[in-house]
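A short write-up of the structure that comes next.
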Protein chains: 2
Amino acid sequence: MDDPEAEAAVPERLPTAPPLTERQRERRRRILHATAQLACRGGFEAVQMREVAESSQVALGTLYRYFPSKVHLLVATMHDQLERLHGTLRKSPPDGETAGERVAQTLMRAFGALQREPRLAEAMARALTFADRSVSPEVDQVSRQTTAIILDAIGGLEDATAARLSAVRVIEHTWLSTLITWLAGRASLAQVRADIETVCRLIDLTEAEPGRAAAPV
Amino acid sequence: MDDPEAEAAVPERLPTAPPLTERQRERRRRILHATAQLACRGGFEAVQMREVAESSQVALGTLYRYFPSKVHLLVATMHDQLERLHGTLRKSPPDGETAGERVAQTLMRAFGALQREPRLAEAMARALTFADRSVSPEVDQVSRQTTAIILDAIGGLEDATAARLSAVRVIEHTWLSTLITWLAGRASLAQVRADIETVCRLIDLTEAEPGRAAAPV
DNA sequence: ATCAAGTCTGAAACTTGTTCTACATTAGCG
DNA sequence: CGCTAATGTAGAACAAGTTTCAGACTTGAT
């Protein structure tokens, strides 16, 4: 019936971006701000739709018009925060020797940033992994953002090989998982660091697209 | 306050296993069976506590005495299913050349098994990553099981080095994440396979512990 | 067999995500 | 301007996870 294996093709209605008026963009901003604030105080469960609506001075129905579910709301919040983070990261590029080291460095920096508001991070990360098919487009967006951050750290503007893209995906998975594991108190910071460094070695095992200099083992 | 960084120490009350009577074990079995059955039909959302209670002929309050939340229930179900799976896998060990190949082979086999009941897999996997601190002991149990499966595939009975353990954790994260991503329709089977194979290379980059071939403790 | 403690049951209540309804406001347009 | 469709509002209603409670049933020890 609706098994997976519908081969990942989910355009949905992201492309349909009806231009928002000023007041609407303002409302949206207020909502995301209220969400982040509530999340900072008490994580996922403190983000209650009625509270968000009240804090952002918007009716519950309106909140649902902007974000069709709590998960959508939190994934959008993650998108928002990641954008900020990506900007920050750009300003001080990693200085590792190999691409793998640079990626590890960048991810640990990102990790540090999220650590500063652990409850917000928890809310966003849990929403992200709890998301079902109906949130796929939005989750994909976040995923593309993460990919962009990693590719930035690798540095080369070249197209990556399939092997390298696979490595990037694996790194992404690992990054999110370790984050969640740490947030749930099931892993120490040392383990997180070790795992990030471990997985980032995969980058140095893959060649960049021909014509570029890369450092194999 | 209760930030993470309480340095991952979660004994909780798993050690306190009050011996169950026969009828109790029977009830528990019925509950897990009903859960799996409902999950097979409609995934996470079809597992409704009232339904589970009714299907397993147990009062709602009793269900909650056995499993303090829906997430606990589904994580326990995963534990149950993994036990079964581990048994199956043991019977036909992987035949790859390198440890990494064997691990990849085993994980793809496990993946195949879960694919057969995608909705059940979805329910269990989502519960697992959605779990918060209150479920840490149970999630850890599942994690240990997965680790055991991977170590089995590696084959050596030797203690693994820290580097290798880190690799195993990374593989675990990747395995779960790809599963979820596939279940949500955001990745193709080919990508799953590529990512599993990619991450399993990490195993062949790490040496097994020198000399000793016995279990300490 | 009996009693106390612990378990189970059925049903209602409570919480929070989500939906719906009836009405007010706004924005774009002829 | 004045209309109309879309958007926003307040609040009730609904759904499913979780809690609570009074009373019946088991169990284990005496």
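Computed over heavy atoms, backbone and side chain alike; hydrogens, waters and symmetry mates excluded. Every chain is numbered from 1, with letters handed out A, B, ... down the list of sequences.
With sequence neighbours excluded, the residues forming a side chain to side chain contact (heavy atoms under 4.5 Å, CB included) with A:Tyr64 are A:Met49, A:Leu60, listed by chain and number. Checked against salt bridge (charged side-chain N to carboxylate O under 4.0 Å, His left out), A:Arg27 has no partners two or more places apart in sequence or in another chain. For A:Arg116, the salt bridge (charged side-chain N to carboxylate O under 4.0 Å, His left out) criterion is met by no residue, not counting sequence neighbours. A:His86 pairs by the side chain to side chain donor-acceptor pair (under 3.5 Å) definition with A:Asp152, not counting sequence neighbours. With sequence neighbours excluded, no residue forms a side chain to side chain donor-acceptor pair (under 3.5 Å) with B:Thr174. Residues passing the side chain to side chain contact (heavy atoms under 4.5 Å, CB included) test with B:Ala125, sequence neighbours excluded: B:Leu176, B:Leu179, B:Ile180, B:Leu183. With sequence neighbours left out, B:Gln105 forms a side chain to side chain contact (heavy atoms under 4.5 Å, CB included) with B:Pro94, B:Asp95, B:Arg109.
To the nearest angstrom, C1' of D:dT18 lies 14 Å from CG of B:Leu73. Atom CG in B:Leu63 sits roughly 12 Å away from atom C1' in C:dC8 (whole-Å rounding). Atom CD of B:Glu51 and atom P of D:dT18 are 15 Å apart (whole Å). The nearest whole Å value for the distance from the CG atom in B:Leu38 to the C1' atom in D:dA16 is 14 Å. Computed from coordinates, the A:Glu26 CD to C:dA27 C1' distance equals 18 Å when rounded to whole Å. In this structure, A:Arg65 atom CZ and D:dG8 atom C1' are separated by 7 Å, rounded to whole Å. The interatomic distance linking B:Phe130 (CZ) with D:dG17 (C1') rounds to 11 Å, in whole Å. Atom CD1 in B:Ile31 sits roughly 14 Å away from atom P in C:dT7 (whole-Å rounding).
The salt bridge (Lys or Arg N to Asp or Glu O under 4.0 Å) pairs that include a residue from residues 29-55 of chain B are B:Glu26-B:Arg29, where partners are two or more places apart or lie in different chains. Here ring-ring contact (aromatic ring centres under 6.0 Å, His included) pairs that include residues 111-140 of chain A, with residues two or more places apart or in two chains, are A:Phe111-A:Trp182, A:Phe130-B:Phe44, A:Phe130-B:Phe130.
Among the heavy atoms of the strands lying under 4.0 Å from A:Tyr66 are primed sugar atoms or P, OP1, OP2 only; no base atom is included.
For B:Gln24 and C:dC8, the shortest distance from a side-chain N or O to OP1 or OP2 is below 4.0 Å.
Salt bridge annotation for B:Arg126-B:Glu122: present, with a cationic side-chain nitrogen under 4.0 angstrom from a carboxylate oxygen. Ion pairing of A:Asp140 with A:Arg144 is absent here, as no side-chain N (NZ or NE/NH1/NH2) approaches a carboxylate O to less than 4.0 Å.
For the helix from C:dA1-D:dT30 to C:dG30-D:dC1, the end axes, each set by the C1' atoms of five terminal pairs, are bent relative to each other by 10° (nearest 10°).
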Can you check nucleotides 24-30 of chain D for protein contacts, nitrogen or oxygen pairs under 3.5 Å, and list what you find?
none

Measure all distances between protein nitrogen or oxygen atoms and nitrogen or oxygen atoms of nucleotides 16-19 of chain C, and list the pairs falling under 3.5 Å.
unit_1, atom_1, unit_2, atom_2, d
C:dT16, OP1, A:Gln48, NE2, 3.2
C:dG17, OP1, A:Val47, O, 3.4
C:dG17, OP1, A:Lys70, NZ, 3.1
C:dG17, OP2, A:Met49, N, 3.1
C:dG17, N7, A:Arg50, NH2, 2.6
C:dG17, O6, A:Arg50, NH2, 2.8
C:dT18, OP2, A:Tyr64, OH, 3.0
C:dT18, OP2, A:Lys70, N, 2.9
C:dT18, O5', A:Tyr64, OH, 3.4
C:dT18, O4, A:Arg50, NH1, 3.3

